[in-house]
Chemist: 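Before I ask anything, let me first share the structure, which is written out below as structure tokens.
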Amino acid sequence: QVRLVESGGGLVQPGGSLRLSCAVSERTFSPITVAWFRQAPGKERQFIGAFSENINLNNDHAYYAESLKGRFSISGSGAEDTVWLQMSTLKPEDTATYYCAAARGAVVSTARTSYNYWGQGTLVTVSS
């Protein structure tokens, strides 16, 4: 069991930055992997990246979808009670509902089905 609550979404201009937060609470298991996904209207839910203190990939606790690496970065608090998604150089095509999701253990997976717990999502709109 775990509760995930996203926040920080809103309207941002193209080229701008935004940081989303995922508050992780009521967790009954450890370790945990927290991922970020997004879903634009009419499109499939897309993996952005994931974070776990128990993952170490080239000295990084996070891993990303190749297409988004560089503009998006994920970090977490030491206790993994908050995981952040920092987005920069935003484009209109980044407009979507952004979700955080969690899986038991140190999971290296981009598949939606690997994550059993989901937040309600936060809407990000990139528009001038």
Chemist: Between Arg38 and Leu68, which heavy-atom pair has the shortest distance, and what is it?
Modeler: NH2-CD2, 3.6 Å

Chemist: In this structure, which one of Val126, Thr89, Leu18 forms a side-chain contact (heavy atoms from CB on, under 4.5 Å) with Asp94?
Modeler: Val126

Chemist: Mind checking whether Ile32 and Val107 sit in one hydrophobic cluster, side chains of I, L, V, M, F, W, Y counted as touching below 4.5 Å?
Modeler: no

Chemist: Run the side chain to side chain donor-acceptor pair (under 3.5 Å) check on Gln86 and Arg19 step by step: do they pass?
Modeler: CA-CA 4 Å; Gln86 179 68 47; Arg19 188 174 81 159; 4.7 Å; no

Chemist: Do Arg112 and Phe37 form a cation-pi contact, if we require the NZ or CZ to be under 6.0 Å from the six-membered ring centre and within 45 degrees of the ring's axis?
Modeler: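 Here Arg112 fails the 6.0 Å and 45° test against Phe37.
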
Chemist: Roughly how far, to the nearest 0.5 Å, is the SG atom of Cys100 from the CD atom of Gln120?
Modeler: 7.5 Å

Chemist: Taking atom CG of Leu85 and atom OG of Ser21, what is their separation to the nearest 0.5 Å?
Modeler: 9.5 Å

Chemist: Could you walk me through whether Tyr63 and Phe47 pass the ring pair (Phe, Tyr, Trp, His ring centres under 6.0 Å) check?
Modeler: CA-CA 11 Å; Tyr63 57 96; Phe47 175 82; 5.8 Å; yes

Chemist: Compare every heavy atom of Ala40 with every heavy atom of Thr95, then report the nearest pair and how far apart it is.
Modeler: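 Closest approach of Thr95 to Ala40, heavy atoms only: O-CB, 3.7 Å.
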
Chemist: Using 0.5 Å steps for rounding, measure from the CD1 atom of Ile48 to the OG atom of Ser73.
Modeler: 11.5 Å

Chemist: For the ring pair Trp36 and Phe72, is the centre-to-centre distance below 6.0 Å?
Modeler: no

Chemist: Keeping the roles fixed (side chain from Ser52, backbone from Ala106), state whether a donor-acceptor pair exists under 3.5 Å.
Modeler: no

Chemist: Do Thr125 and Val12 have side chains that get closer than 4.5 Å, going by heavy atoms?
Modeler: no

Chemist: Using a 4.5 Å cut-off on heavy atoms from C-beta on, say whether the side chain of Trp84 contacts that of Leu20.
Modeler: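 Not in contact.
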
Chemist: Please check: side-chain N/O of Tyr64 versus main-chain N/O of Ile74, any donor-acceptor pairing under 3.5 Å?
Modeler: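 Yes: the side chain of Tyr64 pairs with the backbone of Ile74.
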
Chemist: Just do the side chain to side chain contact (heavy atoms under 4.5 Å, CB included) check on Val124 and Met87 with the steps written out, would you?
Modeler: CA-CA 11 Å; Val124 173; Met87 306 183 290; 4.0 Å; yes

Chemist: Any side-chain heavy-atom pair from Thr28 and Val2 closer than 4.5 angstrom?
Modeler: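 Side chain of Thr28 against side chain of Val2, heavy atoms only: no contact under 4.5 Å found.
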
Chemist: Can you confirm whether or not the ring centre of Phe29 sits under 6.0 Å from the ring centre of Tyr117?
Modeler: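 Close enough - the centres of the two rings lie under 6.0 Å apart.
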
Chemist: Quick check: does any side chain N or O of Thr122 sit under 3.5 Å from a backbone N or O of Gly9, one acting as donor and the other as acceptor?
Modeler: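 Judged by distance alone, yes, a pair lies under 3.5 Å.
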
Chemist: Under 4.5 Å between any side-chain heavy atoms of Tyr115 and Val34, yes or no?
Modeler: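 No - every pair of side-chain heavy atoms lies 4.5 Å or more apart.
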
Chemist: Please indicate whether Glu93 has more than 12 foreign heavy atoms, meaning atoms of other residues, nucleotides or ligands, lying under 6.0 Å from its CD.
Modeler: yes

Chemist: For residues His61 and Thr33, determine if any side-chain heavy atom of one lies less than 4.5 Å from a side-chain heavy atom of the other.
Modeler: no

Chemist: Is there side-chain contact between Glu6 and Trp118, with at least one heavy-atom pair below 4.5 Å?
Modeler: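 A side-chain contact is absent here, since even the closest heavy-atom pair is not under 4.5 Å.
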
Chemist: Are any of the side-chain nitrogens in Asp81 or Arg27 under 4.0 Å away from the carboxylate oxygens of its partner?
Modeler: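 No, Asp81 and Arg27 are not salt-bridged.
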
Chemist: Counting C-beta onward and ignoring hydrogens, is there a side-chain heavy-atom pair between Ser127 and Pro92 closer than 4.5 Å?
Modeler: no

Chemist: Between Gln46 and Ser67, is there a side-chain heavy-atom distance shorter than 4.5 Å?
Modeler: yes

Chemist: Please walk me through it: do Val24 and Arg3 pass side chain to side chain contact (heavy atoms under 4.5 Å, CB included)?
Modeler: CA-CA 6 Å; Val24 182; Arg3 183 168 184 251; over 6 Å; no

